[in-house]
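Remarks on the structure that follows.
Chain identifiers are assigned alphabetically (A, B, ...) following the order of the sequence lines, protein sequences preceding nucleic acid strands; residue numbering begins at 1 within each chain.
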Amino acid sequence: MLAAKSISASELMQAFVARTTAVEGRVHAFNSRDEVGALGLAAASDARRAAGQARGPLDGIPIGFKDVIAVEGQPLTASSKMLANFISPYDATVTTKLKAAGAIPWGRLNLDEFAMGSSTENSAFGATANPWDLTRVPGGSSGGSAAAVAAGEMPVALGSDTGGSIRQPAAFCGLVGLKPTYGLVSRYGLAAFASSLDQIGTLTRTVGDAAQLLQVVAGHDSRDSTSLSTVIPDYSAALQKKSRPWRIGVPKEFFGPGLDAEIGAAVQQALAFYRSAGAEIREVSLPLTAEYAIAVYYLIATAEASSNLARYDGIRYGHRTRVATGAISIYAQSRAEGFGEEVKRRIILGTHVLSSGYYDAYYLRAQKVRTLIRGEFMRVFQDCDVMLSPTTPTAAFKLGEKSSDPLAMYLNDIYTIGVNLAGLPGISLPCGFTAGGLPIGLQIIGQPFGEAEMLTIAHTYEQGHSWHTKYPNL
Amino acid sequence: MNYEAVIGLEVHVQLKTASKMFTRVAAGYGAPPNTLTDPVVLALPGALPVLNKEALDKIIKAGLMLGCTIAPVCKWDRKNYFYPDSPKNYQISQYDQPICLAGSVEIELPGEARNIMGEHKQIPLTRIHLEEDVGKLTHEVHDSLVDYNRAGTPLMEIVSEPAMHSAEEAFAFLTSLRMTMVQGGISDCDMEKGQLRCDANISIRPIGQTQLGVKVELKNLNSISYVRDGIALEIRRQTAVLTAGGSIVQETRQYDGEAGTSVAMRSKEMAHDYRYFPDPDLLPVQVDAAWRATIQATIPELPYARQRRFITQYQLPYTITAVLVPERALADFFEEVVRLCAHPQAVANWLVNDLRRELAAGGIALAVSKLRPAHIAALVNLVEQGEISMTAAKEVFNDMFQTGEAPAVIVMQKNLKQSTDSGALEHWVQAAIVANPKAVAEFLAGKEQAINAVKGAVMKASQGKANPRLVDELVRRQLLAGKS
């Protein structure tokens with residue numbers, strides 16, 4: 001529409017500002033936003049387009065940032081009291097790329113503090129509501145990103161996914177959530193939770209939007225040693241291709257006890273769709289993943305987090321206590337005051353995991369099992385192009401329902417966590433609604449750097465259905 | 001009872017690299033506080049480390065110079081501890097897989113006299129690993145200030161085996177290590193700038209006992225002489241404790257070089273659990289044979305090997321080589337000169353005495369001096385060929401040091417060429433003999449040194465340009481001819 005000049009970037013931005021003003025009081029997806037700045041960038045985009053210098057399909061498109069991704073001059077809070085007043089002095093690499101493409105940073109989006117959680121309830125600035133049912137969670141940790149897009153406050157948003165933090169909220173909010181292969185998108189400027197698992201990804205209404213956004217943010221970055229050099233294909237062009245009959249693996253363990261019947265049925269219908277489209281459906285098995293993924297994840301992620309979050313000490317930036325003096329007591333008191341319960345729980349767990357005498361039994365063992373889990377996925381991929389499963393065992397749960405039971409919360413990531421441990425790409429897309437009107441997510445797991453094929457398979461499903469055209473009543 | 005000391009050193013050496021170890025910010029000393037920083041150095045949310053290849057090249061070079069085994073994979077670990085000098089509250093280091101293993105440092109102990117080479121020994125190394133330096137804390141009355149300029153500078157930790165037995169050996173170890181690292185271009189090793197820092201582990205045991213005694217770690221050894229004096233003090237302290245029937249407590253002590261004392265800092269019970277684990281932000285780096293070979297090709301001859309060669313190849317006295325070799329630029333200069341001039345001992349004398357004196361007086365480095373090897377070669381050749389006197393040569397040297405002019409040009413301009421015109425010389429000799437009858441008589445009566453008065457008169461008449469050897473020859477011939 002922007003390219004056809006049927007609407008200007010300024011008009012588009014104004015519309016999202018107005019929509020946000022109307023619904024944000026109920027959704028609370030934002031931690032902060034800069035309307036004046038965004039409208040200024042929209043005007044600049046219009047000027048470029050008028051001069052015939054538009055920078056491509058994202059020029060003039062507002063995009064939300066999970067509040068862990070650095071945008072120069074904007075707050076970066078990680079939804080933590082610890083960083084409540086922190087302004088990032090630099091851009092993340094994804095931000096630099098999106099700005100170069102003409103996209104307009106539109107707001108800082110709520111999350112579970114430091115991306116630790118599955119409901120966006122662990123935020124120092126209050127929970128975000130699910131636009132489909134304001135009494136329910138939007139999922140997490142990228143819950144603000146998902147809720148903002150679902151509520152129509154913005155067309156697309158960036159999130160980060162460490163154990164399902166993009167795909168699960170996408171499933172809960174009826175969106176497309178893409179978690180790329182580890183190393184495809186630079187992590188430079190993403191406040192780290194668990195370095196070996198974190199990956200920036202997208203929350204969008206359609207697979208096509210995800211492809212366009214990924215096109216801009218993917219690629220090697222000399223500032224991130226874990227970003228890999230790989231040829232970036234034309235993802236949007238790939239959506240139209242159909243190479244050969246797909247072989248789709250279905251991990252039988254992901255359909256066991258604990259899976260909500262309505263979700264199971266919706267996923268079975270999706271499988272039926274693919275079968276009728278000529279795909280070969282194979283039952284596969286991921287026994288190690290089913291048995292150990294969550295345990296391994298909570299050992300590795302907390303270990304890394306305990307070290308990654310050590311920098312938040314109140315000395316040079318971030319929250320500093322007013323009651324303590326002396327370095328050690330400033331550390332202890334600032335961190336006691338600045339971090340929320342879940343963050344403290346994980347730091348303590350991770351510190352224990354790495355402690356002398358426990359390292360071999362916990363961290364080292366977990367890394368070995370992680371290697372086996374990746375091997376398990378790769379073996380299945382010898383005979384499959386992708387795997388397909390539910391994204392979550394249940395639809396969105398009630399606010400407060402699981403917040404007093406960390407273990408129940410952790411189990412919500414049971415289908416998504418293995419993908420992070422194995423470094424694979426995954427996508428969640430809408431595949432129906434529960435009888436109660438809550439969105440259901442279908443997860444497709446791709447091969448390493450197999451985003452193009454994964455997106456194509458997702459796009460094929462989207463083309464045959466209309467779930468993505470449904471909007472919540474707000 | 002007699003005791004033997006057992007000493008191991010942990011030496012930190014800052015690598016001389018353009019930028020810091022994991023970011024593009026410049027590494028350096030003396031910049032205004034907290035100006036050599038960026039999001040990575042300050043550990044801002046989202047910042048990530050990226051390895052500076054130059055740092056890895058330099059430590060591999062150091063390892064190869066010291067004969068270490070270079071690990072095929074260079075892996076990074078996080079050392080977790082809270083301290084305000086470390087903005088991340090962890091240090092990127094190498095824990096269980098150091099890049100360099102084993103190797104040794106050749107040391108020279110003091111000789112019987114200054115002009116006699118002392119005993120040489122190889123002190124084995126345990127390991128060398130690479131880590132990032134931390135910031136610098138300054139403690140004020142009520143506050144502490146931190147400067148992160150130093151934070152993130154590549155730092156290698158060299159750990160010796162507990163294989164030294166005296167403060168002199170430790171002193172010699174550090175002297176040799178510093179010389180080797182400076183000559184390899186690996187570090188400037190300026191202890192005042194913190195580019196070389198040393199901690200010592202010291203224990204003593206009854207002579208003959210193989211089991212090690214309880215060790216004490218001695219810190220704050222801020223100069224090479226503090227290393228020697230601090231260790232000597234600690235050996236005396238431990239000996240006194242054991243002699244008095246006491247026992248040594250395993251602890252860390254802080255040396256105070258000015259007061260010549262040490263105080264306990266912390267005991268073993270307070271040791272940290274650093275919770276090492278592989279840094280997930282950095283990938284292991286493969287160091288293959290081709291990489292090692294590329295670096296091997298850049299390694300200079302080791303100082304003590306060079307010294308031995310100078311003694312045998314150029315017949316230089318030990319004392320001269322002991323000055324020449326520790327300064328690589330000077331030794332390199334020497335070898336360039338002797339390629340142009342076949343008088344190595346004369347060349348060495350010019351360099352060790354005159355050139356070093358002038359450089360020091362002018363406060364300039366050899367590299368930026370106007371003097372080139374060809375100057376010295378030409379000067380020495382002029383002297384050796386009898387073209388100019390030694391006195392004139394000193395004048396030529398000073399001139400060419402200042403101006404960079406070729407010696408032959410200076411000799412011509414200042415008319416310093418020795419006179420070898422035998423007609424004029426014979427005339428001066430005759431005149432001198434006539435003018436000094438007393439000296440002549442004394443000489444002929446057997447007082448050898450009386451000839452000097454005659455020779456001096458000739459030199460004076462020639463305004464110093466007469467060739468002294470020729471003058472001596474002519475004076476003797478004339479006097480002896482007159483006698484017969």
Side-chain angles (χ1 to χ4, degrees), chain A residues 68-70 76-78 83 86 88-90 92-93 114 186-192 194-198 221-228 300 303-304 306-313 315-318 325-328 330-332 335 350-359 363-364 367, chain B residues 21-24 34 37-53 74 76-93 95-96 135 137 139 142-148 151 270-285:
Chain A
V68 274
I69 301 170
L76 191 165
T77 72
L83 292 176
F86 183 78
S88 177
Y90 77 103
T93 297
F114 284 104
S186 169
R187 293 186 295 116
Y188 187 76
L190 168 68
S195 310
S196 73
L197 299 160
D198 294 342
D221 178 15
S222 63
R223 290 180 181 275
D224 176 0
S225 311
T226 62
S227 102
L228 297 173
I300 292 173
E304 293 180 3
S306 72
S307 178
N308 284 334
L309 271 64
R311 66 186 58 196
Y312 306 114
D313 59 9
I315 297 293
R316 203 188 156 276
Y317 64 87
T325 54
I328 300 302
I330 288 175
Y331 291 146
R335 289 164 66 81
T351 303
H352 181 65
V353 163
L354 291 176
S355 295
S356 170
Y358 297 96
Y359 177 86
Y363 187 79
L364 200 62
Q367 286 290 13
Chain B
M21 186 157 144
F22 292 112
T23 185
R24 306 169 189 185
N34 293 306
T37 62
D38 72 349
V40 178
V41 174
L42 297 177
L44 297 188
L48 293 173
V50 176
L51 176 67
N52 175 356
K53 182 173 176 287
C74 183
W76 307 103
D77 299 290
R78 289 188 185 177
K79 179 180 181 180
N80 293 286
Y81 66 97
F82 279 85
Y83 204 67
D85 62 7
S86 168
K88 296 188 295 291
N89 288 314
Y90 63 80
Q91 182 187 27
I92 303 175
S93 181
Y95 179 50
D96 55 347
L137 288 173
H139 299 290
H142 296 293
D143 299 298
S144 293
L145 302 173
V146 58
D147 176 6
Y148 292 121
M270 290 159 75
H272 284 286
D273 177 0
Y274 290 118
R275 305 190 310 280
Y276 282 101
F277 76 110
D279 192 325
D281 285 330
L282 290 162
L283 301 178
V285 181

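With a 4.5 Å cut-off on side-chain heavy atoms, Ser225(A) and Phe22(B) do not count as touching. Using a 4.5 Å heavy-atom threshold, the side chains of Tyr363(A) and Pro278(B) count as touching. Side-chain contact check for Gln367(A) versus Phe277(B): every heavy-atom pair is 4.5 Å or farther apart. Residues Arg187(A) and Leu48(B) are in side-chain contact: their nearest non-hydrogen atoms beyond the backbone lie under 4.5 Å apart. With a 4.5 Å cut-off on side-chain heavy atoms, Pro45(B) and Leu83(A) count as touching. Between Leu42(B) and Tyr317(A), the closest side-chain pair of non-hydrogen atoms is not below 4.5 Å. The shortest side-chain heavy-atom distance between Tyr331(A) and Asn89(B) falls under the 4.5 Å cut-off.
To the nearest 0.5 Å, atom CZ of residue Phe82(B) and atom CD1 of residue Ile315(A) are 10.0 Å apart. Expressed to the nearest 0.5 Å, how far CG of Asp279(B) lies from CD of Glu304(A) amounts to 9.0 Å.
Side-chain contact, Asn308(A) with Arg78(B): a donor N or O sits under 3.5 Å from an acceptor N or O. Judged purely by distance below 3.5 Å, without hydrogens or angles, the side chains of Asn80(B) and Ser307(A) pair a donor atom with an acceptor atom. There is a side-chain donor-acceptor pair under 3.5 Å between Arg24(B) and Ser222(A).
The environment of OH in Tyr83(B) is sparse: at most 12 heavy-atom neighbours from other residues, nucleotides or ligands sit within 6.0 Å. When the shell of 6.0 Å around OH of Tyr95(B) is examined, it contains 12 or fewer heavy atoms from other residues, nucleotides or ligands.
Residue Ala47(B) comes nearest to Arg311(A) through the heavy atom pair O-NH1, 4.0 Å, listed as atom of the first residue, atom of the second, then distance. A pairwise comparison of heavy atoms in Tyr90(A) and Gly46(B) identifies OH-C, 3.1 Å as the closest pair.
Heavy-atom distances place both the backbone and the side chain of Arg223(A) under 4.5 Å from chain B. Proximity to chain B (any heavy atom under 4.5 Å) is shown, for Tyr358(A), by neither the backbone nor the side chain. For chain B, no part of Ser306(A) is nearby; none of its heavy atoms comes within less than 4.5 Å. At a 4.5 Å heavy-atom cutoff, the contact between Tyr188(A) and chain B is made by backbone and side-chain atoms alike. Of the atoms belonging to Pro39(B), it is side-chain heavy atoms, and not backbone ones, that fall under 4.5 Å from chain A. Heavy atoms closer than 4.5 Å to chain B are found nowhere in Ala194(A), neither backbone nor side chain. Interface remark: Leu190(A) contributes backbone atoms only to the contact with chain B (heavy atom separation under 4.5 Å).
Ranked by heavy-atom pairs shorter than 4.5 Å toward chain B, the options Asp224(A), Leu364(A), Val68(A) are led by Asp224(A). Of the listed residues (Ser196(A), Ala78(A), Gly189(A)), the one with the most heavy-atom contacts under 4.5 Å to chain B is Gly189(A). Highest contact tally toward chain A, considering only Leu44(B), Val146(B), Leu282(B), Asp38(B), is held by Leu44(B) [criterion: heavy-atom pairs under 4.5 Å].
Ser356(A) contributes no side-chain N or O that, together with a main-chain N or O of Arg275(B), makes up a donor-acceptor pair within less than 3.5 Å.
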